[in-house]
Amino acid sequence: MNGTSARQEKFLYLDGLRAIAILLVIIVHVSQAFPELPHRILQFFDFGKRGVQLFFVVSGYTLTKVYFGRGMDVAQFFTRRFFRIAPIFYLAGAVYIALGALGEFHYAARPNAFQVITTLLFIHGWFPSSINYVVPGGWSIGAEAMFYVLFPLLFAMMRNRRAFFALAALSYPLAMVVRLVLDRWGPGEGTDAAVFASYFFLVHLPAFASGCAVALIEPVLQKRFAVNWRALFWVLLLAVPAMALTKATSNALLADLVFASLVLASALARPAFIESPLFTWIGRISFSVYLVHFLFLNALFLLQPRLVAAVGVPAGLVVGFAGVTVGSLLLSDVTHRFIEKPMIALGRRVDGMRERRKHGQGGIARG
């Protein structure tokens, strides 16, 4: 087994967790196409929106596991992160702008130049009119980009683990204050203001910071505490639907804690089902799935009246979820193979060229 394969094998559980996250996201969006469902059922499925927070936790955890202990080249970090998310994100933006121009797209309107430019620069999360306008669900990509900007600073603070753990803990009250301020005095008006208050990246910083903290504390817990991590994993996994059945569905910070604990338990228990070929495949292509599933959701919204008339609401929900999921997975396997992976490889080559130039110039100077 080569080095790359060994690293992939080591982190299979993270792909499994990404699979859970994207399935949560799909189910909440599919349920929104069926407003006829009972309120209690819609509330249950609404918890699926917390899947994005699981993505944030996994992101913080993954970056910390990759870089902690080996050091960070900041230029390399940003080069590789850019080529990881930008190409497929830009392509999605172009597709959704075109669909919006045709007037047959449920999610997208016709963005102006400011909205397009801020989205291209990944700063759309700072503006209520842009935060979720060009690419459906693009608010989370903007938040993730801001976490990337913060990560070198967070990484530097990890040298003092206690200080970092204190910072991660403080991110929770900070998120509460930011949300309160934005709700009452934030920019924007009406729906834009409410969306901005909910999606602004500092509101979701606890998820990312908690993922980083879990990566740091995991080795300590593994050595010092004899815990049945497999049992804890199942308790935490069952806590997800339990939260969805209660008012806890509205508590984003509680979800962050549960998901951070779930990542920890997954790392130490390595449950077989989330490391299965199906779940790891879904997790590997989950970024593409997140971006493309809105195409199939659009078709579902257009077909929903006929679908409900033919099979009824409950069966329509099941058929809609299956159709959106399968269609998204099949298309995403293609985009992952032919867009994401080549662009990730290109990022590595660009970084390699930068490194060679840097060392070559250094050698000339020393000569």
Side-chain angles (χ1 to χ4, degrees), residues 7 10-18 20-21 50-74 76-78 80-82 84-85 122 125 140-179 199-225 229 232-233 236 252-270 283 286-287:
R7 285 193 297 273
K10 184 178 180 181
F11 296 124
L12 283 177
Y13 61 95
L14 294 177
D15 283 329
L17 291 169
R18 292 186 184 102
I20 293 173
R50 302 302 176 202
V52 175
Q53 291 166 241
L54 179 54
F55 275 124
F56 291 153
V57 174
V58 171
S59 176
Y61 176 91
T62 303
L63 291 176
T64 304
K65 291 289 284 186
V66 168
Y67 287 100
F68 189 75
R70 82 171 198 186
M72 172 187 285
D73 182 322
V74 175
Q76 178 195 76
F77 174 76
F78 284 118
R80 295 194 177 187
R81 289 295 92 195
F82 177 84
R84 174 68 185 89
I85 67 171
F122 294 100
S140 64
I141 313 302
E144 182 77 359
M146 292 302 102
F147 295 149
Y148 292 162
V149 171
L150 288 176
F151 185 72
L153 176 61
L154 297 176
F155 182 77
M157 295 186 66
M158 290 176 193
R159 297 169 187 170
N160 185 332
R161 295 196 188 192
R162 289 185 178 180
F164 182 81
F165 291 147
L167 176 67
L170 286 173
S171 70
Y172 282 80
L174 173 64
M176 294 172 63
V177 171
V178 169
R179 179 63 188 269
Y199 290 164
F200 189 58
F201 80 98
L202 287 178
V203 174
H204 298 279
L205 180 60
F208 185 81
S210 295
C212 297
V214 165
L216 293 176
I217 203 171
E218 174 202 324
V220 177
L221 294 178
Q222 187 175 25
K223 290 179 181 178
R224 296 186 182 180
F225 296 93
W229 295 107
L232 180 59
F233 168 83
L236 291 166
L253 298 181
L254 178 59
D256 292 339
L257 288 172
V258 170
F259 286 144
S261 302
L262 182 64
V263 170
L264 174 64
S266 300
L268 296 177
R270 303 296 293 269
S286 58
F287 185 46

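Below, each value reflects all heavy atoms present in this structure, side chains not excepted, and no hydrogens, waters or symmetry copies.
From Leu232, atom CG reaches atom CG of Leu268 across 9.0 Å, with rounding to the nearest 0.5 Å. Atoms CG and SG, from Leu205 and Cys212 in turn, are 8.5 Å apart once rounded to the nearest 0.5 Å. Taking CG of Asp256 as the start and CZ of Phe56 as the end, the distance is 9.5 Å to the nearest 0.5 Å. Taking CG of Leu202 as the start and CE of Met176 as the end, the distance is 15.0 Å to the nearest 0.5 Å. Rounding to the nearest 0.5 angstrom, the gap separating the OG atom in Ser266 from the CD1 atom in Ile20 is 7.0 Å. A distance of 11.5 Å separates OH of Tyr67 from OG1 of Thr62, quoted to the nearest 0.5 Å.
Inter-residue side-chain proximity for Val220 and Arg161 is flagged as met; some heavy-atom pair is nearer than 4.5 Å. At least one side-chain heavy atom of Leu264 sits under 4.5 Å from a side-chain heavy atom of Leu221.
Atom CZ of Arg70 has more than 12 neighbouring heavy atoms from other residues, nucleotides or ligands inside a 6.0 Å radius.
When every heavy atom of Val178 is checked against every heavy atom of Phe200, the shortest pair comes out as CG1-CD2, 3.9 Å. For the pair Phe164 and Leu216, the tightest heavy-atom approach, listed with the atom from each and the gap, is CD2-CD1, 3.6 Å. Of all the heavy atoms in Leu17 and Leu54, the pair that sits closest is O-CD2, 3.5 Å. Across all non-hydrogen atoms, the minimal contact from Leu167 to Met157 is CD2-SD, 3.5 Å. Contact detail for Tyr172 and Ser210: the closest heavy-atom pair is OH-OG, 2.7 Å. Minimum interatomic distance between Val203 and Ala175 (heavy atoms only, all atoms of both residues): O-CB, 3.6 Å.
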Leu154/Phe208 under side-chain contact (heavy atoms from CB on, under 4.5 Å): CA gap, chis, key distance, verdict: CA-CA 11 Å; Leu154 297 176; Phe208 185 81; 3.8 Å; yes

From CA spacing to verdict: side-chain contact (heavy atoms from CB on, under 4.5 Å), Phe287, Arg84: CA-CA 10 Å; Phe287 185 46; Arg84 174 68 185 89; 3.5 Å; yes

Steps toward side-chain contact (heavy atoms from CB on, under 4.5 Å) verdict (Phe122, Ile85): CA-CA 10 Å; Phe122 294 100; Ile85 67 171; 3.9 Å; yes

Candidate pair Glu218 and Thr64, rule side-chain contact (heavy atoms from CB on, under 4.5 Å), full reasoning: CA-CA 11 Å; Glu218 174 202 324; Thr64 304; over 6 Å; no

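Among Phe68, Phe147, Tyr148, the single residue meeting the side-chain contact (heavy atoms from CB on, under 4.5 Å) criterion with Leu63 is Tyr148.
Centroid-to-centroid, the aromatic rings of Phe77 and Phe155 stay 6.0 Å apart or farther.
Using a distance-only test at 3.5 Å, with no hydrogens or angles considered, no donor-acceptor pair links the side chain of Ser59 to the main chain of Phe55. Side-chain atoms of Gln53 come within 3.5 Å of backbone atoms of Ala252 as a donor-acceptor pair (strictly under, hydrogens ignored).
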